[in-house]
S.K.: 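Can you read through this structure? Questions will come right after.
All chains are named by letter (A, B, ...) in the order of the sequence lines, taking the proteins before the strands, and each is independently numbered beginning at 1. Just so we're clear, the structure is a prediction, and the values are computed from it rather than from any experiment.
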Amino acid sequence: MAVTIPVGFHALPVPIVQLSLAAVLKCGQSFRWSIYPLPQASIPSSELPTHEYRLCLRDRIICLRQSTDSLFYRSMFPDQHVCSTQATLREAETLSWLKDYFQLDIDLVKLYDEWSERDNVFKNLRSRFSGIRILRQDPWENLVSFICSSNNNIARITKMVHALCRHYSPPLLSLRPPMTEGASADSDPITYHPFPPPSALASSEVAATLRGLGFGYRADFIQRTARMLVDMPDSQPITGQQHAAERWLLLLRNKPTAIAREELLKFVGVGRKVADCILLMSLDKKEVVPIDTHVYQIAVKHYGLHVVTKSKTKATMTPKLYEEVSGKLFDIWGDYAGWAHSVLFTADLKSFSAYGLPSTTAEGDGIDHALSTPTMSSSSSPSKRKRRGTLHSPKELAGIVVDIDTVSHVIDESNDETNMADRIKRRRRTVTKA
DNA sequence: CATCGACCTATG
DNA sequence: ATAGGTCGAT
């Protein structure tokens with residue numbers, strides 16, 4: 001059958017199982033994409049895009065649509081009428097940005113296969129939550145966005161980030177939203193702003209302004225972090241480059257995970273969880289599994305992790321507990337554990353059904369609905385991972401109790417140190433043996 | 001070191 | 001009380 005390309009768009013062959021825009025752009029990785037519903041044909045067809053997604057990226061607006069097997073893209077500029085060679089160059093830039101941002105060289109289906117083999121919990125979810133991958137974001141935007149994320153929800157983080165851009169970076173251009181079916185009066189144009197550079201947020205009065213914009217206590221963190229970055233010796237403005245401070249963050253991509261994390265933790269408002277999000281989402285540390293209350297709940301519910309705490313009410317996320325939960329999930333999922341984590345996290349987002357995704361029926365939360373009876377993985381593939389601990393009886397391990405009758409993923413009790421290098425070595429051994 | 005209270009604000 | 005926590009003081 002004929003493939004229809006929306007007017008003005010280019011087509012890139014990307015199966016929806018490799019990338020689901022509807023899931024990825026709204027699951028709390030980037031908070032800056034705008035989403036517009038498209039008019040639907042009288043005969044509904046799954047082949048036709050249902051939404052358009054837009055992002056203001058420095059000098060241009062990226063517009064995306066998606067069908068089952070194609071990604072459609074176009075870019076809009078303030079000066080739309082330029083010579084054809086210039087236009088061609090711009091399209092090439094946009095295309096290469098897309099490949100980088102969505103990391104299209106990574107075969108997500110292959111990863112889903114590997115995770116399914118390692119983990120039955122994942123296996124039972126994969127069909128409902130396909131196409132969920134980690135974006136390769138800009139580190140500076142990622143840093144600021146996730147400083148906003150503490151004690152916060154996606155809806156409000158999104159509002160805050162948009163307010164930040166509106167207030168601290170000049171408008172690039174205004175566009176009408178995609179044509180709506182009513183064809184009645186066109187909607188008002190929307191003004192798009194790029195993400196502001198560190199220098200725009202570094203002065204001390206910014207904190208008060210951000211508070212006024214509803215940032216709460218995060219306002220000071222953002223301003224002080226921007227200040228720190230601008231003041232770094234290595235990030236003094238270079239001629240012609242206004243945002244040289246951002247380069248410093250980008251350099252962390254070349255450093256080992258532990259070093260990069262150490263650097264990130266120096267910024268105010270950046271604790272372990274936020275640092276790990278940045279490592280995973282913009283610094284290429286694909287193995288990092290950030291642990292928030294949400295992911296922790298998933299680990300407890302579906303991976304049989306129990307914690308013994310003195311306070312009867314709730315387990316506080318101590319550094320030790322964080323390490324163990326994160327490490328355990330890494331052991332389950334392997335080198336791309338951070339990517340796997342995002343699938344589970346997205347699957348469990350309650351707000352998901354509100355975005356019209358074909359995920360769950362009614363408002364059942366994703367994972368619970370898909371997995372009323374958790375089944376553990378290595379029961380089906382015991383050779384993949386070595387069991388530790390005594391069978392047939394619950395065992396207490398450094399504050400964590402794992403019931404071995406129902407759980408196959410056991411925390412290593414051999415030492416207190418659970419660094420990634422050790423885990424990788426250990427995994428190499430077990431893999432080469434098998 | 002683990003633990004605790006404070007911190008902004010908007011929802012259930 | 002909780003939302004994808006972090007900071008500073010015991």
S.K.: Establish whether the base of C:dG5 is bridged to the side chain of A:Lys273 by a donor-acceptor pair shorter than 3.5 Å.
M.R.: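 Donor-acceptor pair under 3.5 Å: no.
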
S.K.: I need the CD-C1' distance between A:Gln297 and C:dA1, as an integer number of Å.
M.R.: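 Going from A:Gln297 (CD) to C:dA1 (C1'), I get 13 Å.
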
S.K.: Please figure out whether A:Ile157 or A:Phe267 has its closest DNA chain C nucleotide nearer the 5' end.
M.R.: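 This one resolves to A:Ile157.
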
S.K.: Give the rounded distance in Å between these two atoms: CG of A:Leu329 and P of C:dG4.
M.R.: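 Whole-Å distance recorded here is 18 Å.
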
S.K.: What contact category does A:Val295 fall into here, base, sugar-phosphate, or nothing, at under 4.0 angstrom with non-hydrogen atoms?
M.R.: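 A:Val295: no heavy atom of the nucleic acid under 4.0 Å.
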
S.K.: Any strand counts, and the cut-off is 3.5 Å on both contacts for Watson-Crick or G-U wobble. Which nucleotide pairs with C:dG4?
M.R.: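 C:dG4 is unpaired by these criteria.
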
S.K.: Return the value, rounded to whole Å, for the distance between atom CE of A:Met281 and atom P of C:dG4.
M.R.: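 Rounded to whole Å, this separation is 12 Å.
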
S.K.: Whole angstroms only, please: what is the CG-P distance between A:Leu143 and C:dG5?
M.R.: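 Spelled out: CG on A:Leu143 to P on C:dG5 is 17 Å.
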
S.K.: What integer number of Å spans the P atoms of C:dA9 and B:dC8?
M.R.: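 Taking atom P in both C:dA9 and B:dC8, they lie 16 Å apart.
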
S.K.: From C-beta outward on A:Thr318, which listed nucleotide comes closest to its side chain: C:dT6, B:dA2, C:dG4?
M.R.: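 Of the candidates, B:dA2 comes closest.
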
S.K.: Taking the six-membered ring of A:Phe195 (Phe, Tyr or Trp), confirm whether the NZ or CZ of A:Arg32 is under 6.0 Å from its centre and within 45° of its axis.
M.R.: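 No, A:Arg32 does not lie over the aromatic ring of A:Phe195.
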
S.K.: Checking A:Tyr73 now: which residues fulfil ring pair (Phe, Tyr, Trp, His ring centres under 6.0 Å) with it, not counting sequence neighbours?
M.R.: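 With sequence neighbours excluded, A:Tyr73 shows a ring pair (Phe, Tyr, Trp, His ring centres under 6.0 Å) to A:His10, given in chain and number order.
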
S.K.: Would you say A:Leu164 and A:Leu201 make side-chain contact, with heavy atoms under 4.5 Å?
M.R.: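 Of all side-chain heavy-atom pairs linking A:Leu201 with A:Leu164, at least one is under 4.5 Å.
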
S.K.: CG of A:Leu279 versus C1' of C:dG4: gap in Å, rounded?
M.R.: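 Taking CG of A:Leu279 and C1' of C:dG4, I get 15 Å after rounding.
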
S.K.: Kindly write out the residues that satisfy salt bridge (charged side-chain N to carboxylate O under 4.0 Å, His left out) with A:Arg166, not counting sequence neighbours, or none if the list is empty.
M.R.: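 A:Arg166: no salt bridge (charged side-chain N to carboxylate O under 4.0 Å, His left out) contacts found.
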
S.K.: Is the NZ or CZ atom of A:Arg74 both under 6.0 Å from the centre of the six-membered ring of A:Phe9 and within 45° of that ring's axis?
M.R.: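 The answer is yes; both the distance and angle limits are met.
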
S.K.: Can you tell me how far P of C:dG4 sits from NZ of A:Lys26, to the nearest Å?
M.R.: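 For the pair A:Lys26 NZ and C:dG4 P, the rounded distance is 13 Å.
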
S.K.: Under 6.0 Å between the ring centres of A:Trp115 and A:Phe122?
M.R.: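 Here the rings of A:Phe122 and A:Trp115 have centres that are less than 6.0 Å from each other.
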
S.K.: Determine, stepwise, if the pair A:His193 / A:Leu172 fulfils side-chain contact (heavy atoms from CB on, under 4.5 Å).
M.R.: CA-CA 6 Å; A:His193 300 251; A:Leu172 180 72; over 6 Å; no

S.K.: Looking for any heavy atom pair under 4.0 Å, which part of the strands does A:Gly269 touch: base, sugar-phosphate only, or nothing?
M.R.: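 It contacts sugar-phosphate atoms only.
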
S.K.: Any idea how A:Trp33 and A:Tyr101 line up, ring-wise: parallel (<30°), tilted (30 to 60°), or perpendicular (>60°)?
M.R.: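 Geometry flag for A:Tyr101 against A:Trp33: tilted rings.
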
S.K.: Could you tell me how far C:dC7 sits from B:dA10 if I compare only their C1' atoms? Round to whole Å.
M.R.: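 Their C1' atoms lie roughly 22 Å apart.
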
S.K.: Roughly, in whole Å, what's the span from CD1 in A:Ile222 to P in C:dC7?
M.R.: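 Rounding to the nearest Å, CD1 of A:Ile222 and P of C:dC7 are 13 Å apart.
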
S.K.: When the C1' atoms of B:dG5 and C:dA1 are considered, how many whole Å apart are they?
M.R.: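 About 16 Å, rounded to a whole number of Å.
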
S.K.: Between B:dA2 and C:dG4, how many Å separate the two P atoms, rounded to a whole number?
M.R.: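 Going atom to atom, P in each nucleotide, I get 27 Å.
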
S.K.: For B:dC8, which nucleotide in any strand shown is its Watson-Crick or wobble partner with both distances under 3.5 Å?
M.R.: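 None - no nucleotide pairs with B:dC8, as no candidate has both distances under 3.5 Å.
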
S.K.: What does nucleotides 5-12 of chain B look like as a protein-contact string, B for base, S for sugar-phosphate only, - for none, at under 4.0 angstrom between heavy atoms?
M.R.: --BBB---

S.K.: Roughly how many Å is it from CD1 in A:Ile278 to P in C:dG5, rounded to a whole number?
M.R.: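 Rounded to whole Å, this separation is 14 Å.
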
